[in-house]
Amino acid sequence: MTTYRAIRGMVDILPDDTPLWQSMETAALEVLSSYGYAEIRLPIIESTDLFARSIGEVTDIVEKEMYSFADRNDDSMTLRPEGTAGCVRAMVQHNLALTTQRLWYMGPMFRYERPQKGRQRQFHQLGVEAFGVATPDQDVELIALSRQLWRRLGVDDALQLEVNSIGSAADRARYREALVDYLSGHRDQLDADSQRRLDTNPLRILDSKSPETQALLESAPVLSEYLDTETQAEFAALLSQLDLLGITYAVNPRLVRGLDYYNKTVFEWTTDRLGAQSTVCGGGRYDTLVATFGGKDTPAAGFAVGLERLILLMQSLDITVTAPADLYVVTADANAYRHSLPRLDALRRQFPDLDIVQHLGGGSFKSQFKRADKSGATWALIYGEAEVSASQVTLKPLRTDAEQQTIADGELETFLAGYLAEAHSV
RNA sequence: GUGGCUGUAGCUCACCAGGUAGAGCACCGGAUUGUGACUCCGGAGGUAGCGGGUUCAAGACCCGUCAGCCACCCCA
């Protein structure tokens with residue numbers, strides 16, 4: 001007999017955790033729609049080429065982390081490692097970029113990495129993308145929206161915002177040249193990864209964790225000095241608008257992102273509570289990607305939230321959610337069960353918000369009450385022999401010391417309406 | 001992909017100079033016949049991740065493998 005385990009890096013989210021996930025998702029949905037963002041649902045598989053072109057041929061994601069395979073027609077497919085590429089592809093394909101678009105999506109992403117806490121091979125992201133606005137007010141809205149979500153979830157005190165501007169492609173090209181010039185003279189002082197990057201992706205050297213490399217960077221050319229005046233003004237505007245909102249941030253001149261499509265504003269929300277996987281949310285502007293995919297030249301900006309990391313953060317702050325039922329229905333015997341069945345059916349129709357769990361499988365009152373208690377339900381609704389023959393029901397409070405009460409079956413609706421009104425007013 | 005740590009009942013862990021495993025919690029049943037939580041009593045549950053080796057004997061030692069964790073790396 002072989003036993004099976006989930007594939008490495010693929011994680012089951014169990015019933016103990018799904019209430020927290022659902023409350024997080026509901027909060028996100030409400031915040032997003034309050035800002036006028038609409039959901040878009042996208043395929044999980046896209047052509048490999050789509051990701052290589054947008055994320056960048058020489059990025060780690062494309063070079064060694066993608067789940068790519070040949071389909072039955074021998075075309076190269078890839079399980080999406082991120083959501084922006086597919087979202088932009090859909091924008092272009094359906095001509096949605098003709099008007100301003102505010103979009104979001106949520107779902108699984110796949111990256112072949114070594115698993116660690118906060119890092120899985122299948123993980124989930126909330127992606128938020130905005131198309132059509134080139135000015136920094138759009139960046140501000142995205143950051144403000146994310147902060148609103150942190151507040152809503154109770155994690156805002158545990159997150160710090162870092163921002164930077166990495167300029168246009170032309171700015172970066174000029175800077176890259178200067179940086180490579182400088183670092184080439186000190187090649188032997190760089191860590192191994194940075195030496196390799198010197199030839200492939202030199203900007204990534206900026207966020208190296210090696211102390212020696214960072215020391216070397218102290219006297220390296222600074223990216224901000226290579227930005228054109230317009231970009232500098234936009235970044236200044238962004239910062240002043242963040243001030244206006246009371247959003248505290250740190251300008252991190254070393255903040256560069258690992259995906260090639262970013263330009264100008266980039267930002268990350270990080271926490272010190274998750275170990276090495278500290279980035280909970282990251283994003284920025286990507287003004288040329290739509291055109292790269294053959295669409296009309298359309299500025300854009302967006303960010304992605306790592307949902308496992310967000311959940312981990314909530315759990316580290318002891319934020320918990322439970323979803324106990326309102327009623328746990330106890331029936332004395334087969335006759336009582338048959339009596340209760342149509343009644344419960346009617347109650348469920350009349351009170352869609354009422355959570356009713358019926359005890360199944362019979363058993364003694366004692367064992368049924370044990371189950372009722374463990375379910376966390378607020379009330380036990382009891383159909384005993386006496387109640388059934390007298391057309392009554394008994395309601396026993398399971399969470400308080402109040403007396404149980406027996407009422408006429410016909411008064412149940414009134415009772416429940418009152419209970420729901422009270423529960424919802426809290 | 002690199003380095004390190006770990007892997008014993010559902011969960012958290014213990015034991016042991018190597019001699020065929022225990023606790024707490026959880027679970028099931030009972031403590032006068034229609035009522036949970038607290039308490040008491042009883043019960044079930046593991047061939048010690050998997051494979052190989054050393055040994056008279058291995059969960060304990062060695063090797064491999066798988067998985068988790070930590071750091072690097074990567075990014076969300």
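The sequence lines fix the lettering, A, B, ..., with proteins before strands; numbering per chain opens at 1.
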Fill in: Heavy-atom donor-acceptor pair, Tyr249(A) side chain to Gln160(A) backbone, under 3.5 Å
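Flag not set: sc Tyr249(A) to bb Gln160(A) has no pair under 3.5 Å.
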Counting the atoms with a prime plus P, OP1 and OP2 as sugar-phosphate, which does [X] contact under 4.0 Å by heavy atoms, base, sugar-phosphate, or nothing?
X	answer
Ala304(A)	sugar-phosphate
Gly283(A)	nothing
Gln368(A)	nothing
Arg8(A)	sugar-phosphate
Gly9(A)	sugar-phosphate

Discussion item. Using a 3.5 Å limit on both distances, find every run of at least three consecutive Watson-Crick or G-U pairs that involves RNA chain B.
Written reply: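 As far as RNA chain B goes, consecutive pairing (with distances under 3.5 Å) yields the stems B:1-7 with B:66-72, B:10-13 with B:22-25, B:27-31 with B:39-43, B:49-53 with B:61-65.
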Do [X] and [Y] come close enough that some side-chain heavy atom pair is under 4.5 Å?
X	Y	result
Lys396(A)	Ile382(A)	yes
Cys281(A)	Trp150(A)	yes
Phe123(A)	Glu113(A)	no
Val163(A)	Asn252(A)	no
Ser375(A)	Val357(A)	no

Worksheet item: Got a sec: does the CZ of Arg338(A) have more than 12 other heavy atoms crowding it under 6.0 Å?
Response: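 No, not enclosed.
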Worksheet item: With a cut-off of 6.0 Å (strictly less than), are more than 12 heavy atoms of other residues, nucleotides or ligands near CZ of Arg121(A)?
Response: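 Buried by this count: over 12 neighbours within 6.0 Å.
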Worksheet entry | Nucleic acid contacts of residues 250-258 of chain A, taken as heavy-atom distances under 4.0 Å to RNA chain B |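 RNA chain B contact set from residues 250-258 of chain A: Arg257(A), Gly258(A).
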Discussion item. What residues from residues 25-40 of chain A pass a heavy-atom cutoff of under 4.0 Å to RNA chain B?
Written reply: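 Of all residues in residues 25-40 of chain A, none places a heavy atom under 4.0 Å from RNA chain B.
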Practice prompt. Measure the distance from CG on Asn201(A) to C1' on C73(B) and round it to the nearest whole Å.
Written response: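 Roughly 14 Å, once rounded to whole Å.
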Measure all distances between protein nitrogen or oxygen atoms and nitrogen or oxygen atoms of nucleotides 7-9 of chain B, and list the pairs falling under 3.5 Å.
none

Rounded [atom1] spacing from [N] to [M] in Å:
N	M	atom1	answer
U65(B)	G3(B)	P	12 Å
A17(B)	C73(B)	P	43 Å
G7(B)	A60(B)	C1'	13 Å
C69(B)	U33(B)	P	50 Å
A23(B)	C15(B)	P	15 Å
A9(B)	G51(B)	P	15 Å
C41(B)	U6(B)	C1'	38 Å
A21(B)	C50(B)	P	16 Å

Practice prompt. Output yes when Arg343(A) and Glu413(A) qualify as a salt bridge under the 4.0 Å nitrogen-oxygen rule, no when they do not.
Written response: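 The answer is yes: the pair qualifies as a salt bridge.
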Worksheet item: Is any NZ, NE, NH1 or NH2 atom of the basic residue among Arg119(A) and Glu308(A) found under 4.0 Å from an Asp or Glu carboxylate oxygen of the other?
Response: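 Result for this pair is no, no salt bridge flagged.
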Worksheet entry | Polar side chain donor-acceptor pair, Glu268(A) to Thr270(A), under 3.5 angstrom |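 There is no such pair between these side chains.
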Worksheet item: Taking atom types as modelled and ignoring hydrogens, do the side chains of Asp326(A) and Thr378(A) form a donor-acceptor contact shorter than 3.5 angstrom?
Response: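 Their side chains do not contain a donor-acceptor pair, so the 3.5 Å distance test is not met.
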Worksheet entry | Nearest heavy-atom neighbours spanning Glu385(A) and Ala332(A) |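 Between these two residues, the closest heavy atoms are N-CB, 3.8 Å.
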Fill in: Least distance between heavy atoms, Pro108(A) atom then Gln122(A) atom
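In terms of heavy atoms, the two residues are closest at CB-NE2, 3.5 Å.
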Between [N] and [X], counting only base atoms on the nucleotide and side-chain atoms on the residue, is there a donor-acceptor pair under 3.5 Å?
X	N	result
Arg114(A)	G68(B)	no
Glu113(A)	A76(B)	yes
Arg111(A)	A76(B)	yes

Item to complete: Give me the one residue out of Phe51(A), Tyr105(A), Phe303(A) that meets side-chain contact (heavy atoms from CB on, under 4.5 Å) with Thr84(A).
Response: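 When side-chain contact (heavy atoms from CB on, under 4.5 Å) is applied between Thr84(A) and each of Phe51(A), Tyr105(A), Phe303(A), only Tyr105(A) qualifies.
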Fill in: Partner residues of Phe415(A) under the ring-ring contact (aromatic ring centres under 6.0 Å, His included) criterion, sequence neighbours left out
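With neighbours one apart ignored, the set is Trp379(A).
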Discussion item. Quick check on G68(B): is either OP1 or OP2 less than 4.0 Å from any side-chain nitrogen or oxygen of Lys117(A)?
Written reply: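 For G68(B), OP1/OP2 do not have a side-chain N/O of Lys117(A) under 4.0 Å.
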Worksheet item: Reading nucleotides 28-42 of chain B from the 5' end, what letters show protein touch, with B for base, S for backbone sugar-phosphate only, - for no heavy atom under 4.0 Å?
Response: S-----BBBS-----
Item to complete: Anything under 30° is parallel, anything over 60° is perpendicular, the rest tilted; go ahead and classify Tyr35(A) against Tyr37(A).
Response: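 Tyr35(A) vs Tyr37(A) ring planes: perpendicular.
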